[in-house]
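Read the numbers this way: they start at 1 and go in the same order the structure lists the ligands and their atoms. Numbers here simply count residues along the sequence, with the first being 1.
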Amino acid sequence: MDEMHKPSRRAFLRGSAAAAAGSIAGAASAQTADPLITDVQDWASITGVGVDETPYGLPIEYESHVVRRNVEWLTASPISSINFTPIHALEGTITPQGCAFERHHSGAIEMKKDDYRLMINGLVDKPLVFTYADLERFPRENHVYFCECAANTGMEWAGAQLNGVQFTHGMIHNMEYTGVPLRALLNEAGLGAAGDLKDKWVYVEGADASSNGRSIPMEKALDDVLVAFKANGEALRMEHGYPVRLVVPGWEGNMWVKWIRRIEVSDAATESREETSKYTDVMEDGTARKWTWVMDAKSVITSPSPQMPIEHGKGPLVISGLAWSGHGQITRVDVSRDGGITWEPARLGKQGDTKALTRFYLDVDWDGAPMLLQARAMDETGYVQPTKEQLRDARGENSVYHNNCIQTWYVNAEGIAENVEVS
Ligand code: MTE
Ligand code: CO
């Protein structure tokens with residue numbers, strides 16, 4: 001086809017939008033001659049790419065905007081830094097590893113499986129060292145869990161700041177992990193030496209320079225913690241802790257130690273850097289609250305949002321978002337289009353998994369009037385996601401971590417969305 005007759009993508013979109021006006025489904029009328037229907041296209045006139053060219057598939061170039069991004073001023077160096085999941089552009093609930101946020105305190109390290117060792121020591125009957133091959137011989141489990149950095153939404157305490165859901169809420173990912181329950185490894189080492197397990201702890205640390213050590217109460221360690229070596233069916237990517245990481249369902253991301261090398265059973269918390277000077281919550285009176293492990297229920301509308309404006313004008317509009325709770329299942333999500341004055345129940349994509357992302361939708365007929373969009377999550381404990389005002393009343397504005405308040409997007413008549421606050 002010559003260049004003159006090739007319809008541009010833009011013209012096609014304009015044409016179909018015009019034809020769609022008034023129709024429910026938003027499909028173009030078949031009466032309009034559309035060259036993309038009537039003409040033989042380039043891609044049908046040649047043979048495509050052979051299978052030998054894609055031994056491992058990557059996203060098509062037209063999706064190259066769906067990538068991790070960072071906020072330059074946020075951290076001093078890219079080695080000790082963070083990037084954000086493009087949650088505005090993803091759908092469903094599973095985060096592909098290739099665009100799942102990364103948080104490193106001393107950079108991602110490259111370790112071979114053969115060089116991997118995991119030691120269990122401290123108050124155990126027999127201290128043990130596991131190789132990667134040893135871990136593969138324990139009965140394993142698969143579970144989908146979200147991992148949220150405690151600092152997610154942490155820049156929004158004092159005011160609406162970052163204009164994109166990727167930046168305000170993108171320190172989260174949700175994958176299907178394959179691993180061995182930590183319980184099984186602790187039992188292999190034997191917990192008899194620890195005596196009464198009620199007030200015992202495990203201290204977990206990574207093999208990277210930061211070591212990223214955290215204390216976990218024994219009750220949690222024996223509950224649902226996984227020593228994981230696969231995510232979404234494949235080996236962990238280097239940036240997520242290859243070959244082995246800890247998965248601590250529902251608890252703050254910092255405890256999900258990557259490149260995990262040691263688990264020590266002890267009778268007291270270690271009070272490491274990551275649980276004293278960092279990952280504590282500074283309250284209004286200046287005192288620091290520690291042990292805020294669980295990520296409370298939270299939700300956010302991913303589209304429309306500042307990076308996902310409404311481009312089709314008024315009519316059918318799919319409002320799409322994510323909800324999650326470290327306490328278990330999401331049972332309900334409400335959406336408001338008027339800044340929290342009235343609420344409508346959203347439709348859950350499917351019954352929520354425990355401690356995993358749940359997709360929700362509100363399918364509306366948009367009249368083109370500006371909206372103040374909000375989502376509010378509720379979990380199986382009956383907990384309801386707080387407003388920003390309620391959270392500030394309880395916690396002040398000194399905090400960085402554990403901001404789970406209701407987010408507001410102002411959507412104007414042109415469909416452009418902006419990060420705002422309502423009071
Ligand atoms: N583990 C090690 N060994 N080193 C680290 O820097 N960062 C922690 C945690 N585990 C970290 C680590 C933090 S703060 C978070 S939020 C999660 O890993 C992030 O996991 P991800 O990089 O797979 O997204
Ligand atoms: Co973190």
Visitor: Just say parallel, tilted or perpendicular for the rings of Phe84 and Phe167, cut-offs at 30° and 60°.
Guide: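 The arrangement is perpendicular - the two ring planes meet at more than 60°.
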Visitor: Which is closest to atom 6 (O) of ligand 1 by heavy-atom distance: His105, His240, Arg237?
Guide: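 Considering heavy atoms of His105, His240, Arg237, the nearest to atom 6 (O) of ligand 1 sits in His105.
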Visitor: Could you report the tightest heavy-atom contact between Ile109 and Met238, atom names first, then the distance?
Guide: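 For Ile109 versus Met238, the nearest heavy atoms are O-CG, 3.1 Å.
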Visitor: Could you find the nearest protein heavy atom to atom 22 (O) of ligand 1 and give me its residue, atom name and distance?
Guide: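 Checking every protein heavy atom, the shortest distance to atom 22 (O) of ligand 1 gives Lys258 NZ, 2.4 Å.
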Visitor: Begin with the C-alpha distance, continue with both residues' side-chain angles, and end with the deciding distance and a verdict on ring pair (Phe, Tyr, Trp, His ring centres under 6.0 Å) for Trp256 and Tyr145.
Guide: CA-CA 11 Å; Trp256 293 48; Tyr145 293 123; 7.1 Å; no
Visitor: Within the 4.0 Å heavy-atom shell around Val257, which atoms of ligand 1 are there?
Guide: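 Every atom of ligand 1 under 4.0 Å from some heavy atom of Val257: 1 (N), 10 (N).
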Visitor: If you look at every heavy atom in Val165 and Ser305, which pair is closest and at what distance?
Guide: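 Between these two residues, the closest heavy atoms are CG1-OG, 3.8 Å.
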Visitor: Please list, in number order, the atoms of ligand 1 under 4.0 Å from a heavy atom of Trp259.
Guide: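 Result: 2 (C), 3 (N), 4 (N).
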Visitor: Compute the minimum heavy-atom distance from Ser210 to ligand 1 and say whether it is under 4.0 Å.
Guide: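 Heavy atoms of Ser210 do come under 4.0 Å of ligand 1.
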Visitor: Salt bridge (Lys or Arg N to Asp or Glu O under 4.0 Å) with Glu239: which of Arg103, Lys258, Arg68?
Guide: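 Only one of Arg103, Lys258, Arg68 forms a salt bridge (Lys or Arg N to Asp or Glu O under 4.0 Å) with Glu239, namely Arg68.
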Visitor: Output the list of atoms in ligand 1 that are nearer than 4.0 Å to some heavy atom of Glu102, sorted by atom number.
Guide: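 Atoms satisfying the 4.0 Å criterion: 22 (O), 24 (O).
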Visitor: At their closest point, which heavy atom of Thr358 faces which heavy atom of Lys350, and how far apart are they?
Guide: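 Of all heavy-atom pairs spanning Thr358 and Lys350, the closest is CG2-O, 4.0 Å.
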Visitor: Should Arg359 and Glu91 count as an ion pair when the cut-off is N to O under 4.0 Å?
Guide: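 Salt bridge present between Arg359 and Glu91.
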Visitor: In the protein, what heavy atom is nearest to atom 9 (C) of ligand 1, and what distance, to one decimal place, separates them?
Guide: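 Going atom by atom, the protein heavy atom closest to atom 9 (C) of ligand 1 ends up being Gly253 O, 3.3 Å.
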Visitor: Between Asp208 and ligand 1, which part of the residue brings a heavy atom under 4.0 Å of the ligand: side chain, backbone, both or neither?
Guide: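 Contact part for Asp208 vs ligand 1: side chain (C-beta onward).
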Visitor: What protein heavy atom sits nearest atom 14 (S) of ligand 1, and how far off is it?
Guide: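 The closest heavy atom on the protein side is Tyr279 OH, 3.0 Å.
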Visitor: Return yes when Arg245 approaches ligand 1 closer than 4.0 angstrom through a heavy atom, no otherwise.
Guide: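 Yes.
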Visitor: Going by the angle between their ring planes, with limits at 30° and 60°, are His105 and Tyr279 parallel, tilted or perpendicular?
Guide: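 The rings of His105 and Tyr279 stand perpendicular, inter-plane angle above 60°.
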Visitor: For atom 19 (C) of ligand 1, which candidate among Arg68, Glu205, Arg103 holds the nearest heavy atom?
Guide: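 Minimum heavy-atom distance to atom 19 (C) of ligand 1 goes to Arg103.
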Visitor: Return the closest protein heavy atom for atom 10 (N) of ligand 1 as residue, atom name and distance.
Guide: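 Ranking protein heavy atoms by distance from atom 10 (N) of ligand 1, first comes Trp256 O, 3.0 Å.
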Visitor: Where's the contact between Cys149 and ligand 1, heavy-atom distance under 4.0 Å: side chain, backbone, both or neither?
Guide: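 Within the 4.0 Å criterion, Cys149 contacts ligand 1 through backbone and side-chain atoms alike.
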Visitor: Between the side chains of Glu148 and Lys298, is the shortest nitrogen-to-carboxylate-oxygen separation below 4.0 Å, so that they form an ion pair?
Guide: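 Salt bridge between Lys298 and Glu148, a charged N being under 4.0 Å from a carboxylate O: yes.
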Visitor: Return the option from Asn254, Asn212, Ile82 holding the heavy atom at the smallest distance from atom 12 (C) of ligand 1.
Guide: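 Nearest heavy atom to atom 12 (C) of ligand 1 lies in Asn212.
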Visitor: Once you measure the plane-to-plane angle for Trp201 and Trp291, does it fall in the parallel (<30°), tilted (30-60°) or perpendicular (>60°) bin?
Guide: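 Ring orientation of Trp201 relative to Trp291: tilted.
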Visitor: Taking both backbone and side-chain atoms of Phe101, is any N or O found less than 3.5 Å from an N or O belonging to ligand 1?
Guide: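 There is such a contact, yes.
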Visitor: Looking at every heavy atom in both Leu162 and Thr168, which two are closest together, and how far apart are they?
Guide: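 The pair with the smallest heavy-atom distance is O-CG2, 3.2 Å.
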Visitor: Using heavy atoms and a threshold below 4.0 Å, how should the contact between Glu239 and ligand 1 be classified: side chain, backbone, both, or neither?
Guide: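 Backbone only.
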Visitor: Looking only at distance, does His104 have an N or O less than 3.5 Å from an N or O of ligand 1?
Guide: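 N/O-N/O distance below 3.5 Å does not exist for this pair.
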